[in-house]
Amino acid sequence: MSVNKAEKRTVLVIGLAVISFAAMRLFDGDIHRWTETLDLLLVASLLGYAIVAFCFAMVLLGWAFFVRQLTRIRLHTASLFTVVGTLELAHALTFYGQPFCRDVGDTSLTMVFGAAAQVIGAVGLLILLSQADGKAHGGERRRLLWISPLCGVAAVSVTAYVAQYREAALFAGHGLNVLRVTAIVLILGGYAAAGAMILYRNRSARPQALLKIVQAMCLLWFANLQVMFVGEALDANMLLAQIFKACGYFFLMQGIYLVTIEGPMRQQKRAEAQIQYLAYHDELTGLGNRRLLTERLEAELIRAARSGTRLGVLLLDLDRFKTINDTMGHSYGDQLLIAAAERLKQAAAPSTHVYRMGGDEFTVLLPGLEKVEEAEEKASRLLKEFAAPMLFDGTGYHITASIGIAIGPESGNTPELLLKHADAALYSAKAERNAYRVYTPQMSDKAHERLQLENDMRRALEENQFYLAYQPLVDLHTGRVTGVEALLRWEHPERGAIPPNLFIPIAEETGLINEIGEWVIRTACSQNKAWQDAGLPPFIVSVNLSMRQFHQHNLAERIRAILEETGLEPRWVGLEITESMTADVEFAYETLRKLKEVGLQISLDDFGTGYSSLSYLKRYPIDKLKIDRSFVADLESDGNDAAIVSTIAAMARHLNMRVTAEGVESEEQLRFLRAELCEEAQGFYYTRPVPADAFVKWYHGHQKNREGFTEK
């Protein structure tokens, strides 16, 4: 039942109570004449014992069910109604026509027990509801389990004793009137205050269970108001009061049932359903997870074998997702995954055929295929779905995807084999990006090779298989060596030299790049210090930062510690970053500011190939721009590249930044760069990257040639 329906029902109950009470007052004579035809004693007695049953039912609900979820208010409510129920039992046993019925002064013993039960119930509920709730301990439950019945017996005994031995003083004349007024004030005030407190504390959301208790408070309030009009010992007013009270206790029992049994049961069922759902679905995107995919794959493979059709498995990976996730933060990464999941669900209907494997990998099932080309057509359409940018906070992000395709049963007759082969095809597609590849047996060899490379890389640092090669930066106007760029190389003991474009992406993906990158900085600083100690003139040694390194929050402190360890002055160290690292403007600015405080030189590498706005150039503390080699390579034949280089050089001069051209290989390129007032050049024209010893030899040879040229 929704909260709206529960609120309407509460209004209806209160309205019926008001109407019933008003009708009794307006048509009192007619109702009395009608009730004379009824056996009032039997009806009232049955209602009395029903009230007792409702009270002890509330006790049972409070003590016996969902003990692990027992709260203090629930426990104390059960204790309270143990006492109230005992008094109501005494009230029923001393009711008119019952064996223990007797008069007490100007009233009767049954009225005394009834009033005592109502006073304790109203005041007790008000006190309980005004307290903060909390989990009840087992020891407290055990203590109250035997104390509560004793308190109930004690309450009956004390009430009976007072009624018997203080009869004349308390229950007759003025004394009785004082007691009656006091009891009415406590009862009506207690129930009204308790109901109002429930409504106030739950004014934003009013659960059905609490509204049931409010209905009970209302009915009990009218029951005690009706008692004020009881004239004869047993009349219509007494009957209506009993009806009100029985309904009130019944509704109170329902409310406690909802709180103690139905509520926890629903909560438990929801928790079980949620656990079941999360066992088979991804929490972020709502797609099926690997477990559900495996079960579905098994069923689809059996169906394909019976029908003679094929099953396509498309394993999709978002290109550059880690870059965006590391740059913009995990919240943006999560939004991107959700948006990608929505696009896949729309493009790969039905959505039950789309699964998230984890990270940025998704799987699409294509059952009932007749030929492989159908899977390729589907993959092509999926790639086109990612052509449109994904918008977050008004900014569009262009994301491409790579897809690996495995067809069952040819590429595997088990879920494990199909997924393994789809992953091998995906690895092949990732080499090009924004592409798809269908699995072939040769791809498994490449995937195994990649895994082996990852394992070997973990040993490479320990076994000193990495080394640095150095490529000089030369002043275009004086020929002086102004710096070197330290480049990472790997000499595998069995496979020989492994190209950086093979192992660096793996190091980025596995997180090894942080440890390797720190080794590069330390080794480069140590080598530069050694060159200075050996008599070479000081120049800057530059190292490339990876995306993961740049997003280390203690990067500046780590580099400062390395400088102190090696003894190299900070001004002789340069760090090269790429435009993609500056996408998170505030983080990039703060990181670069801290690096500049250390005293390091900052260069923007591969300038012109990124996607960021040029506005950051005037904000970030950047010392140098490095023009990407792709613009330098065709300077002599491509007018557009020449225009771009000229524009970058002019812009850098106005921003007081130095300019280095990468990939210089010819004299013609040098002449053009000199004419555009570029300060430095780097490339094969001078030398390939060489080990430290070879660089020293090259440096001395370059100096001799430079001195000879100067003399001429």
Which heavy atom of [X] sits nearest a heavy atom of [Y], and at what distance?
X: A279; Y: N289; answer: O-ND2, 3.0 Å
X: A194; Y: L126; answer: N-CD1, 3.7 Å
X: K245; Y: A223; answer: N-CB, 3.5 Å
X: F386; Y: A340; answer: CE2-CB, 3.9 Å
X: A116; Y: T159; answer: CB-OG1, 4.3 Å
X: T294; Y: P415; answer: O-CG, 3.8 Å

Checking T94 against R102 for the side-chain contact (heavy atoms from CB on, under 4.5 Å) test, could you report, in this order, the C-alpha distance in whole Å, the side-chain angles of both residues, the deciding distance, and whether it holds? CA-CA 7 Å; T94 57; R102 61 180 292 260; over 6 Å; no
Under 3.5 Å, is there a donor-acceptor pair between the side chain of [X] and the main chain of [Y]?
X: R548; Y: N514; answer: no
X: W221; Y: L188; answer: yes
X: Q242; Y: A44; answer: yes
X: S108; Y: V104; answer: no

Once rounded to the nearest 0.5 Å, what's the spacing between atom [atom1] of [X] and atom [atom2] of [Y]?
X: Q276; Y: Y280; atom1: CD; atom2: OH; result: 5.5 Å
X: F100; Y: F113; atom1: CZ; atom2: CZ; result: 10.5 Å
X: T10; Y: F251; atom1: OG1; atom2: CZ; result: 9.0 Å
X: Q254; Y: K212; atom1: CD; atom2: NZ; result: 4.0 Å
X: T363; Y: L297; atom1: OG1; atom2: CG; result: 8.0 Å
X: I19; Y: L26; atom1: CD1; atom2: CG; result: 11.5 Å

Looking at M58, H76, E88, which hits side chain to side chain contact (heavy atoms under 4.5 Å, CB included) with F81? M58
How about [atom1] on [X], more than 12 heavy atoms from neighbouring residues, nucleotides or ligands closer than 6.0 Å, or not?
X: R180; atom1: CZ; result: no
X: Y277; atom1: OH; result: yes
X: E416; atom1: CD; result: yes

Decide, yes or no, whether a salt bridge links K269 with E272 under the criterion of side-chain N to carboxylate O below 4.0 Å. no
Take the angle between the ring planes of [X] and [Y] and call it parallel below 30°, perpendicular above 60°, tilted in between.
X: H91; Y: F95; answer: perpendicular
X: F54; Y: F250; answer: tilted
X: F21; Y: F222; answer: tilted

Could you tell me whether the side chain of [Y] reaches within less than 4.5 Å of the side chain of [X], counting heavy atoms only?
X: Q552; Y: E557; result: no
X: L109; Y: D103; result: no
X: M217; Y: L129; result: yes
X: L211; Y: L199; result: yes
X: L293; Y: M357; result: yes
X: L284; Y: L337; result: yes
X: R201; Y: L210; result: no
X: V84; Y: Y249; result: yes

What's the verdict on side-chain contact (heavy atoms from CB on, under 4.5 Å) for F321 and I399, showing C-alpha distance, side-chain angles and the deciding distance? CA-CA 8 Å; F321 172 76; I399 301 297; over 6 Å; no
Working for side-chain contact (heavy atoms from CB on, under 4.5 Å), residues Y355 and R290: CA-CA 7 Å; Y355 304 83; R290 181 185 288 270; over 6 Å; no
From CA spacing to verdict: side chain to side chain donor-acceptor pair (under 3.5 Å), T285, D282: CA-CA 6 Å; T285 63; D282 173 56; 2.6 Å; yes
Give a yes/no verdict on a cation-pi contact between R619 and Y589, requiring under 6.0 Å between NZ or CZ and the six-membered ring centre and an angle within 45° of the axis. yes
The test is side-chain contact (heavy atoms from CB on, under 4.5 Å); show your working for F362 and L287 and say whether it passes. CA-CA 9 Å; F362 299 87; L287 297 176; 3.8 Å; yes
Check step by step if side chain to side chain donor-acceptor pair (under 3.5 Å) holds for S148 and T82. CA-CA 6 Å; S148 299; T82 302; 4.7 Å; no
